[in-house]
Amino acid sequence: IVSWTELIGGFTRNAFSAKAMLSFEQMQAEGILPNVITYVCMMGACASSCALKRGQELHAKIVRGGSVEGQSTIVGGALVDMYAKCGLLETAADVLQELAVRDTITWNAVILGYINHGLSEKALRCLEEMQLDGASLNLLTFACSLKACADVRWADKGLELHAEIAKSGWSEDDLICNVLVDMYVKCGLFTKARKVFDRRQGRDIVSWTSLISGYAEHDHGKEALKLVEQMQLEGISFNAATIVCSLKASGSVGSPSKTQEVHLEIAKRGLEEDILVSSTLINTYNQCGLLLEAEKVFDEQSGRDIVSWNSLLAGYTKLGKTQRVFDTLQRMITEGEKPD
RNA sequence: CAUGCAUAAGU
């Protein structure tokens, strides 16, 4: 049982849910009964693949073995996380409430569930409930609460949380710094963001990306491009996310040369196939008035989605090419993409 | 000997 569980857990951790499920079946076929730990691993597999049905079945089996928390604290948390990841937020909250011990991790799972389903305001209300309930906040509690503040652009709450973080001594943690930078820059508090960013030893690529994206989104494209250059000077290599944000920056200032520069970087890194990268590129070329380039990228795109089409359409619209808009719309429908 | 919560990017 230990080695089976170890195998299943390994698959789950590496996001091979299907393999985890298969092993679970196989294990039972060989007459070995799962224990709580096996269930926890399986819950993880259901959570990451949103296999709600499977999760519910397992939930029922766990309950048959007695009260959830009688078996372990962890299994309750795993259950709640599964429901939260699958979007059954009510159920997740209900299960949480029914637990005799509501620990930090389980609360975090619910808070994150709200955030990942676009209910960040609710997430912050849940944080307050958590505090009233007497649970202690850990690093991830702060990290996801700050993310919620960023989502709803609630700077005051973010500042309040930052103060609490300072008291807990977590201000220098990498994850916390990244999330702080992102929250501040999304809220438009550039000086605050820079203060956290600048004093860091290992400023990582996530923070760079947040800053670039934030400046670009707040119409500070020049500043964003300056950051891109600075980043290059520091020898940090671009990934898909940084590329997308750099494009947003060059698009916001409408600079064809910058855009082409980034395009070269895309080719160098072999990121042409990344759908986020390529549709941003289409958009950016359109913003710079380089329709032909935009069309070329579109034509070379292998797996188009609705955003690719919309980006192309936006370019035609911007230039008043009405006929092309309708032709493209027609072609889009013919090729099986539903307009939104 | 095996187990739960994790940050940035596209119209």
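So that the names make sense, note that chain A is the first sequence line, chain B the second, and so on, each numbered from 1.
- The closest side-chain donor-acceptor pair between A:Thr259 and A:Thr284, if any, does not fall under 3.5 angstrom.
- Between the A:Thr12 side chain and the A:Cys41 main chain, a donor and an acceptor come within less than 3.5 Å of each other.
- The nearest whole Å value for the distance from the CD1 atom in A:Ile115 to the C1' atom in B:U7 is 11 Å.
- Applying the 3.5 Å distance criterion, the base of B:A8 shares no donor-acceptor pair with the side chain of A:Ser210.
- Taking atom CD1 on A:Ile212 and atom C1' on B:A8, their separation rounds to 10 Å, with Å as the unit.
- Not a single donor-acceptor contact under 3.5 angstrom links the side-chain atoms of A:Thr280 to the base of B:G10.
- Contact annotation: A:Lys186 side-chain N/O to B:U7 OP1/OP2 distance is not under 4.0 Å.
- Put simply, CG on A:Leu146 is 12 Å from P on B:A8, counting in whole angstrom units.
- If you check every strand for non-hydrogen atoms under 4.0 Å, A:Asn35 touches a base.
- Applying the 3.5 Å distance criterion, the base of B:A9 shares no donor-acceptor pair with the side chain of A:Asn239.
- Under the 3.5 Å distance criterion, the side-chain polar atoms of A:Lys318 are matched with a main-chain donor or acceptor of A:Asn286.
- Computed from coordinates, the A:Leu139 CG to B:C5 P distance equals 15 Å when rounded to whole Å.
- Residue contacts for A:Ser279: at a heavy-atom cut-off of 4.0 Å it reaches a base atom on one of the strands shown.
- Dashed line: the shortest gap from a side-chain N or O of A:Arg13 to OP1 or OP2 of B:A2 is not under 4.0 Å.
- Not a single salt bridge (charged side-chain N to carboxylate O under 4.0 Å, His left out) links A:Lys195 to another residue, sequence neighbours left out.
- Among the protein residues, A:Cys144 comes within range of no part of the nucleic acid, since none of its heavy atoms lies under 4.0 Å from any strand.
- If you check B:A6, B:A9, B:U7 against the side chain of A:Lys85, the one that comes closest is B:A6.
- Within the nucleic acid shown, A:Ile275 comes within 4.0 Å of at least one base atom, counting heavy atoms only.
- At the heavy-atom level, A:Glu217 lies under 4.0 Å from the strands shown only through sugar-phosphate atoms.
- To the nearest angstrom, P of B:U3 lies 12 Å from CG of A:Asn14.
- Nucleic acid contact class of A:Ala143 (heavy atoms, under 4.0 Å, all strands): none.
- The aromatic rings of A:Tyr184 and A:His162 are tilted relative to each other, their planes meeting at an angle between 30° and 60°.
- Heavy atoms of A:Leu112 sit under 4.0 angstrom from primed sugar atoms or phosphate atoms, though from no base atom.
- Nucleic acid contact for A:Thr106: base, since at least one base atom lies under 4.0 Å from a heavy atom of the residue.
- Evaluation of atom-type donor-acceptor distances gives no pair under 3.5 Å for the side chain of A:Thr73 against the base of B:G4.
- The separation between A:Phe197 atom CZ and B:A8 atom C1' is 12 Å, rounded to whole Å.
- A cation-pi arrangement, defined by a distance under 6.0 Å to the six-membered ring centre and an angle within 45 degrees of its axis, is absent between A:Arg269 and A:Phe238.
- In this model, the phosphate group of B:U11 is not approached by any side-chain N or O of A:Lys248 to a distance below 4.0 Å at OP1 or OP2.
- Atom pair A:Leu96:CG and B:G4:P shows a separation of 18 Å (rounding to whole Å applied).
- A:Val307 comes within 4.0 angstrom of a nucleotide base, judged by non-hydrogen atoms across all strands.
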